[in-house]
Amino acid sequence: MPEPIQIQVNGESKAWRRGATVADLLEDLEIKTERVAVELNLEILDRAAFAQRQLENGDRVEILSFIGGGTEQVHRSEGVVVALGAQERYSTAAR
Amino acid sequence: MMDDRLIIAGREFKSRLWVGTGKYKDFIETQKAIEASGADVVTVAVRRVNITDRSKENLLDYIDPKKYTILPNTAGCYNVEDAVRYARLARAAGVSDLVKLEVLGDEKTLFPDTAGLLEAAKILITEGFIVLPYTNDDPIVAKKLVDIGCPAVMPLAAPIGSGLGIRNPYNLKIIMETVKVPIIVDAGVGTASDAALAMEYGADAVLMNTAIAGAQDPIAMAEAMNYAVHAGRLAFKAGRIPRKLYATASSPIEGML
């Protein structure tokens, strides 16, 4: 059994089997390849390259997909009341 | 309203209400709210896949990309490099060349960094992206964005998630007069009247997330927004009466005793 390689996947250190491709990694992690983007050492891979690219020691892999989002998540400032006028008051906390 | 379709970069959209998919309780609520909103464009963010908890469901299992136009954004990007990187990742994830480009200036206001926005938009347009820029209510910047090839501009109504409504209707009106591409008012609406007002001013569409997702009943608010955008659009096309200081009687004087 060849010695495993050390890689970073989404910021986590992982020992992985030598000779594995990006497609193997996705399969082992049970991630469907449709609608994911893979960045290998800051290079965005074409989907077609997943099965070709072999992982090497020290590789940094980022696997991304779509999540719910509108614009930037709001940093809720609780309890802050913005006074707009005598009658019109808007509170971010008491929404 | 049959022929009243919104067309951007050759793509036709039925609804003039676009919605975000963030901050909902769960995917079921997201799905129901989007359905109630009548929107056919939904924005999504690009983030790391959870590799430890593989049971996590995917948003796109609930929002069918065949039914909706998925508009990836670059939310959370505070510089040109990050925004360009996220846009490229979104395209690689395989939805389309569309991107809602955000380059944010600071965390407190989430106002766009318009200098960075222009720079990032230039790069992405060269790479074949259809860039829909989230911008400030600044007519000059809006014009520059159109000049470099943005097929629509998305000026804010107020800071993201603030619910303040349209803070500067006059600037929005100047933008509408200045650029000949669709204007999508993005961010800051709080309730239905804000959305109706944006459409009455002549906006081509409204994009919102928090106003719906943060409402006590998001699904009911989504429906309200749907009506509001329709009502506002109809009122705009119908042409409102001018504002006058004094009364004008509606009933004739003739025939009175």
Side-chain angles (χ1 to χ4, degrees), chain A residues 7-14 16 22 25-50 53 60-78 80-85 88-95, chain B residues 19-24 27 30 42-52 54-55 58-60 63 65 70 72-73 75-78 85-86 88-95 100 102 104 107-108 110 134 156 159-165 186-187 190 207-210 212-216:
Chain A
I7 56 171
Q8 289 258 331
V9 184
N10 285 6
E12 289 179 36
S13 279
K14 301 248 175 217
W16 219 260
V22 170
L25 174 70
L26 290 170
E27 200 184 320
D28 291 347
L29 292 171
E30 293 170 37
I31 295 166
K32 284 183 262 174
T33 53
E34 57 171 9
R35 297 172 203 142
V36 296
V38 178
E39 203 185 61
L40 178 60
N41 304 325
L42 299 178
E43 177 204 347
I44 297 172
L45 298 183
D46 279 340
R47 210 161 291 250
F50 290 1
R53 283 295 281 269
R60 280 169 299 126
V61 187
E62 294 288 352
I63 307 165
L64 298 98
S65 191
F66 298 114
I67 65 145
T71 35
E72 172 63 88
Q73 304 294 301
V74 187
H75 305 272
R76 295 235 172 98
S77 43
E78 294 198 9
V80 175
V81 176
V82 184
L84 293 172
E88 213 180 347
R89 282 182 168 257
Y90 177 81
S91 160
T92 51
R95 207 185 23 192
Chain B
V19 295
T21 51
K23 296 186 223 160
Y24 285 98
F27 288 148
T30 316
V42 299
T43 64
V44 296
V46 181
R47 292 291 181 270
R48 279 174 167 168
V49 169
N50 188 334
I51 57 164
T52 39
R54 293 162 212 176
S55 66
N58 191 319
L59 172 72
L60 296 191
I63 312 296
I70 306 295
N73 62 34
C77 295
Y78 288 87
R85 185 183 182 194
Y86 274 83
R88 289 171 179 159
L89 284 164
R91 179 155 76 176
V95 179
K100 181 190 154 187
E102 296 182 28
L104 301 170
E107 289 188 18
K108 193 170 181 185
L110 298 177
Y134 164 66
L156 54 81
I160 292 166
S162 69
L164 286 173
D186 178 11
L207 170 59
M208 64 181 77
N209 188 356
T210 311
I212 295 175
Q216 305 224 335

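Each chain gets a letter, A, B and so on, in the order its sequence line appears, and its residues count up from 1.
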(message) So for B/Pro65, is it side chain, backbone, both, or neither that comes closer than 4.5 Å to the heavy atoms of chain A?
(response) side chain
Over all atoms of both residues, closest heavy-atom pair of [X] and [Y]:
X       : Y       : answer
B/Leu60 : A/Phe66 : CD1-CD1, 3.7 Å
B/Ala92 : A/Ala37 : CB-CB, 3.9 Å
A/Ser65 : B/Val49 : CB-CG2, 3.6 Å

(message) For the backbone of B/Ala93 and the side chain of A/Arg47, can you confirm whether one donor and one acceptor N or O come within less than 3.5 Å of each other?
(response) yes
Distance from [X] atom [atom1] to [Y] atom [atom2], nearest 0.5 Å?
X       : Y       : atom1 : atom2 : result
A/Ile63 : B/Leu89 : CD1   : CG    : 12.0 Å
A/Asn10 : B/Thr52 : CG    : OG1   : 9.5 Å
A/Glu43 : B/Arg88 : CD    : CZ    : 11.5 Å
B/Arg85 : A/Glu62 : CZ    : CD    : 6.5 Å
B/Ile51 : A/Glu12 : CD1   : CD    : 4.0 Å

(request) Can you tell which part of A/Ile44 gets under 4.5 Å to a heavy atom of chain B, answering side chain, backbone, both or neither? (result)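 The side chain, not the backbone.
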